[in-house]
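We use all heavy atoms of the structure for the numbers below, so side chains are in, but hydrogens, waters and symmetry mates are not. We name chains A, B, ... by the order of the sequence lines, and we start the count at 1 in each one.
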2 protein chains.
Amino acid sequence: MVRQAALSRESVPTPDNTDPLAESGVCEGEAAAMMRAMPAKSVDLVFADPPYNLQLEGELTRPNHTRVDGVDDAWDQFDSLEAYDRFTRSWLQAARHVLKDDGTLWVIGSYHNIFRVGAILQDLGFWLLNDIVWNKTNPMPNFRGRRFANAHETLIWAAKSKGARHTFNHHSMKALNDDLQMRSDWEIPVCGGSERIKDAHGNKAHPTQKPEALLHRVILASTQPGDMVLDPFAGTGTTPAVAKRLRRRWLAIENDPDYAALTRERVHHVQPVKDTRLVEAQARRRQPRVPFGWLVERGLIEPGTILHGGAKGQHQAKVRADGNIVTTDATGSIHKIGAHVQGAPSCNGWQFWHIEQDDKLIPIDVLRQRVRAEMEG
Amino acid sequence: MVRQAALSRESVPTPDNTDPLAESGVCEGEAAAMMRAMPAKSVDLVFADPPYNLQLEGELTRPNHTRVDGVDDAWDQFDSLEAYDRFTRSWLQAARHVLKDDGTLWVIGSYHNIFRVGAILQDLGFWLLNDIVWNKTNPMPNFRGRRFANAHETLIWAAKSKGARHTFNHHSMKALNDDLQMRSDWEIPVCGGSERIKDAHGNKAHPTQKPEALLHRVILASTQPGDMVLDPFAGTGTTPAVAKRLRRRWLAIENDPDYAALTRERVHHVQPVKDTRLVEAQARRRQPRVPFGWLVERGLIEPGTILHGGAKGQHQAKVRADGNIVTTDATGSIHKIGAHVQGAPSCNGWQFWHIEQDDKLIPIDVLRQRVRAEMEG
DNA sequence: AAGCTGCGTGAATCATCTC
DNA sequence: TGAGATGATTCACGCAGCT
């Protein structure tokens, strides 16, 4: 019974050890109650991924009629906003109890809950250090075209009180970001592939497992090796796994015994790195994509401007406010209309279309380069 | 009549116009009071860039949030948060009063105030549609290296209540983003250069002037031409300027007479896009409904014609004179039978079914377009 | 072998009109 | 007002299976 062995080793550190904080482990129980039972001011970092209170009703299907597997678990259901606020205030107060005076707290959420969390944090006296945006590189699209694709989640990073000291490993963050100062917007893929923990049937074990890359950055930024990291909603144990790998002590609280068991097994297989610098990912830098519409938004091209197509400007089209362009018989993107007027299967609109400036025809790609230069800073 | 007096130059285009909503203009006064004095349910869009915290000294004049140095040790945090909440609840309630039932509201803020704004929005019954992240391409760096560089601001987009309808120009947003659906994270530079309004001394006239690109996307996404756009904290008039250019009506409220004057002057020089079609959403929804039976009535499809279903024409059905179609085991509308033969819960029959013409399969939607073209002319 | 294609899926507050 | 009909709507990425 590999699992049993792993279970006991990780969860009950040593028989003679009566202080649960001396070693890492998983505690089964409700977050607020467990934290209240812990010694005060004993934790350097709290990372919390609480229920979001999504309030999903009915079901949603993709255009191909497949069903979206929404988060409808009982633990995400609350009777009202007030009930969610009570729950939130309760566990945040308990987190405040276990947090050292110079410790910090992270909470992740979406627009469903994060405003309530942030306001209650301020009400309780926490001091907000940053709000961080996790931009997902591969989010689920909006299938009905009724809103913007919900492509990010928000993290709040807070110190225990105004004026409190806090740990921020500025140079580690710079190193992690090609020697550029780390910004408040992080581009990280959602958790999938082999990193995603599966159950016995091969389905995802937990509906909201967070990527290790996210926790890597959080823990590396705001703790030192040996610090105590607490996750009161541990789920399948991403926080413990990364904490162990980065040589931090850790405590996990999880109400669901199945999740708790998965965490113990997962952490058991994690090897702490010998040198944390070796696992610091290099941020990829791609040439940023610049849609044509952005030139219109930014006033580099006015709506109504005439674009001239081809080397001699044989073709013409007019720019709409939304970035589409219009000829006598068609409307569409610079690429589509470029192909259309040439009778070609495809076309790179950036090189095909030109604007007139000082009696010369200039490819619109020149304007794109200007936007990219701005984006570089 | 304070309001009448406040309306001037830009705001009263014709002397005999006594209805401020009939035309655009700037009203000088306090946001909540002015909105309460306006007719109920008269505005399609509210865009608000409120002060971060009205009660905190210096806050307004310092957009880089550098007040952590203990300048304001004296103020009592709890009282100030409460005062800010009262202020926020007051103007949001007033905004709710002027907003049409199918109108929407945008608020922009930073982590200092946005959580309070979002929570109060939910408390007042607004229904959050998205939170949008404005990622600044050229943010101010964090000089002390104690936190992450604060490189974004947050916008909340909300409908008036749960279940309320709202405008979202999905196709315009797609067009603006190279035919990919628009995400909740927007990359736009901060306002600078020639766009930045300067005062008589050549200094920036307003500390937190927003870029026109931001408003371009907001207004294009969530209004139609001719809609009424209200900005209760207009500052130097970015919202009015973009609204006018995009052929929306607009109302600006601004407490500071100097800012109000700058707005009037700025808007005076804005030229609306000449061709109205360039600023319209590509509203497929507005196209007249054409029942399939009309194609039969008009002789575009003969009774008895065979329809071929799917890209390869795997499925077949025969057209009846009444516009229903028939397979071996069922009769019904193009949609119902399309769903039936695929075993799908629903189906868009216009795109699913094809007719044979010159050895090619043509979607029947092409015939519908022909009918619509006839109806136009 | 390397490359191509098709399929599955991710914290989702995801309709509107007519009768 | 409620029920029923109409018909609009998806992006990135990993992986399995195939050429």
Side-chain angles (χ1 to χ4, degrees), chain A residues 49-73 75-78 81 108-114 134 136-154 187 189-196 198 202-204 206-211 233 235, chain B residues 102 122 126-131 157-159 161-166 168 170-171 174 177-184 283-293 323-324 332-336 338-339 344-353 364-365 368:
Chain A
D49 182 9
Y52 288 7
N53 188 25
L54 283 192
Q55 307 174 66
L56 302 181
E57 292 171 355
E59 67 173 31
L60 178 65
T61 55
R62 297 183 173 84
N64 63 2
H65 305 308
T66 60
R67 200 176 138 276
V68 173
D69 185 17
V71 178
D72 53 3
D73 304 66
W75 49 256
D76 198 45
Q77 312 287 333
F78 293 83
L81 282 179
I108 184 168
S110 67
Y111 68 86
H112 309 83
N113 71 321
I114 200 67
W134 167 28
K136 304 177 182 183
T137 57
N138 49 346
M140 189 181 300
N142 184 293
F143 295 114
R144 297 293 152 90
R146 301 299 303 145
R147 308 177 177 196
F148 298 96
N150 192 11
H152 74 275
E153 295 187 23
T154 302
E187 293 216 352
V190 300
C191 181
S194 59
E195 187 186 325
R196 191 90 192 202
K198 303 294 195 302
N203 299 316
K204 59 187 176 191
H206 194 285
T208 71
Q209 185 183 338
K210 296 295 176 290
F233 305 96
Chain B
D102 59 355
Q122 292 178 306
F126 285 95
W127 192 246
L128 305 194
L129 295 167
N130 279 114
D131 60 333
W157 184 37
S161 57
K162 181 181 180 184
R165 292 174 35 162
H166 68 271
F168 179 61
H170 174 60
H171 292 287
K174 261 188 105 155
N177 195 35
D178 273 1
D179 287 340
L180 285 176
Q181 76 174 196
M182 190 72 80
R183 300 164 38 115
S184 57
R284 300 188 177 185
R285 202 162 52 75
R286 263 186 316 172
Q287 294 190 329
R289 198 177 70 89
V290 175
F292 178 69
N324 270 345
S333 70
I334 52 172
H335 313 295
K336 279 205 164 158
S346 70
C347 168
N348 182 340
W350 292 108
Q351 282 160 25
F352 179 71
W353 295 105
I364 57 177
D365 206 19
R368 178 169 65 160

Within this structure, what is the [atom1]-to-[atom2] distance between [X] and [N], rounded to whole angstrom?
{"X": "R147(A)", "N": "dA15(C)", "atom1": "CZ", "atom2": "C1'", "answer": "12 Å"}
{"X": "L60(A)", "N": "dA8(D)", "atom1": "CG", "atom2": "C1'", "answer": "13 Å"}
{"X": "N150(A)", "N": "dC11(D)", "atom1": "CG", "atom2": "P", "answer": "15 Å"}
{"X": "L128(B)", "N": "dA12(C)", "atom1": "CG", "atom2": "C1'", "answer": "14 Å"}
{"X": "Y111(A)", "N": "dC14(C)", "atom1": "OH", "atom2": "P", "answer": "7 Å"}
{"X": "L56(A)", "N": "dG10(C)", "atom1": "CG", "atom2": "P", "answer": "14 Å"}
{"X": "L81(A)", "N": "dT13(C)", "atom1": "CG", "atom2": "P", "answer": "16 Å"}
{"X": "F148(A)", "N": "dA12(C)", "atom1": "CZ", "atom2": "C1'", "answer": "16 Å"}

Can you list everything that forms a side chain to side chain donor-acceptor pair (under 3.5 Å) with H335(B)? Sequence neighbours excluded, please.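 With neighbours one apart ignored, the set is empty.
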With sequence neighbours left out, what residues match H170(B) under side chain to side chain donor-acceptor pair (under 3.5 Å)?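 Counting only residues at least two positions away or on another chain, H170(B) forms no side chain to side chain donor-acceptor pair (under 3.5 Å).
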By the 4.0 Å heavy-atom rule, please label [X] as base, sugar-phosphate, or nothing.
{"X": "S110(A)", "answer": "nothing"}
{"X": "W134(A)", "answer": "nothing"}
{"X": "D49(A)", "answer": "base"}
{"X": "D76(A)", "answer": "base"}
{"X": "R368(B)", "answer": "sugar-phosphate"}
{"X": "G70(A)", "answer": "base"}
{"X": "P291(B)", "answer": "nothing"}
{"X": "E59(A)", "answer": "base"}
{"X": "P50(A)", "answer": "base"}

OP1, OP2 of [N] versus side-chain N and O of [X]: anything below 4.0 Å?
{"X": "H152(A)", "N": "dA11(C)", "value": "no"}
{"X": "H335(B)", "N": "dG7(D)", "value": "yes"}
{"X": "K210(A)", "N": "dA11(C)", "value": "no"}
{"X": "R196(A)", "N": "dC13(D)", "value": "no"}
{"X": "Y52(A)", "N": "dT13(C)", "value": "no"}
{"X": "H166(B)", "N": "dA15(C)", "value": "no"}

Could you measure between the two [atom1] atoms, the one in [N] and the one in [M], and give it in whole Å?
{"N": "dT10(D)", "M": "dT9(C)", "atom1": "C1'", "answer": "12 Å"}
{"N": "dC14(C)", "M": "dG10(C)", "atom1": "C1'", "answer": "15 Å"}
{"N": "dT16(C)", "M": "dT1(D)", "atom1": "C1'", "answer": "15 Å"}
{"N": "dA11(C)", "M": "dC15(D)", "atom1": "C1'", "answer": "23 Å"}
{"N": "dT18(C)", "M": "dA8(D)", "atom1": "P", "answer": "14 Å"}
{"N": "dT19(D)", "M": "dA1(C)", "atom1": "C1'", "answer": "11 Å"}

Who are the side chain to side chain contact (heavy atoms under 4.5 Å, CB included) partners of S194(A), not counting sequence neighbours?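 With sequence neighbours excluded, S194(A) shows a side chain to side chain contact (heavy atoms under 4.5 Å, CB included) to no residue whatsoever.
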Near-parallel close stack of F143(A) and dC14(C) base (under 5.5 Å, under 30°):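 Answer is no, no stack.
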Calculate, to the nearest 0.5 Å, the distance between atoms CG and CG belonging to D72(A) and L54(A) respectively.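 So the gap between those two atoms works out to 10.0 Å.
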I want to confirm an ordering. Mapping L180(B) and R144(A) to their closest nucleotides on DNA chain D, which one lands closer to the 5' end?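 Residue closer to the 5' terminus by nearest nucleotide: R144(A).
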Could you check, using the six-membered ring where one of them is a Trp, whether W157(B) and H166(B) have ring centers closer than 6.0 angstrom?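 Centroid distance W157(B)-H166(B): below 6.0 Å, so yes.
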Checking understanding here: a glycosidic angle within 90° of 0 is syn, the rest anti, so what is dT13(C)?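 Syn conformation for dT13(C).
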Stem ranges for DNA chain C, with three or more consecutive Watson-Crick or G-U pairs under 3.5 Å?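 DNA chain C stems, ordered by first number: C:2-10 with D:11-19, C:15-19 with D:2-6.
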Using nucleotides 2-9 of chain C, report all nitrogen or oxygen pairs with the protein that are shorter than 3.5 Å.
none

Residues from residues 345-353 of chain B sitting under 4.0 Å of DNA chain D, heavy atoms only?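 Within residues 345-353 of chain B, the residues near DNA chain D are S346(B), C347(B), N348(B), W350(B).
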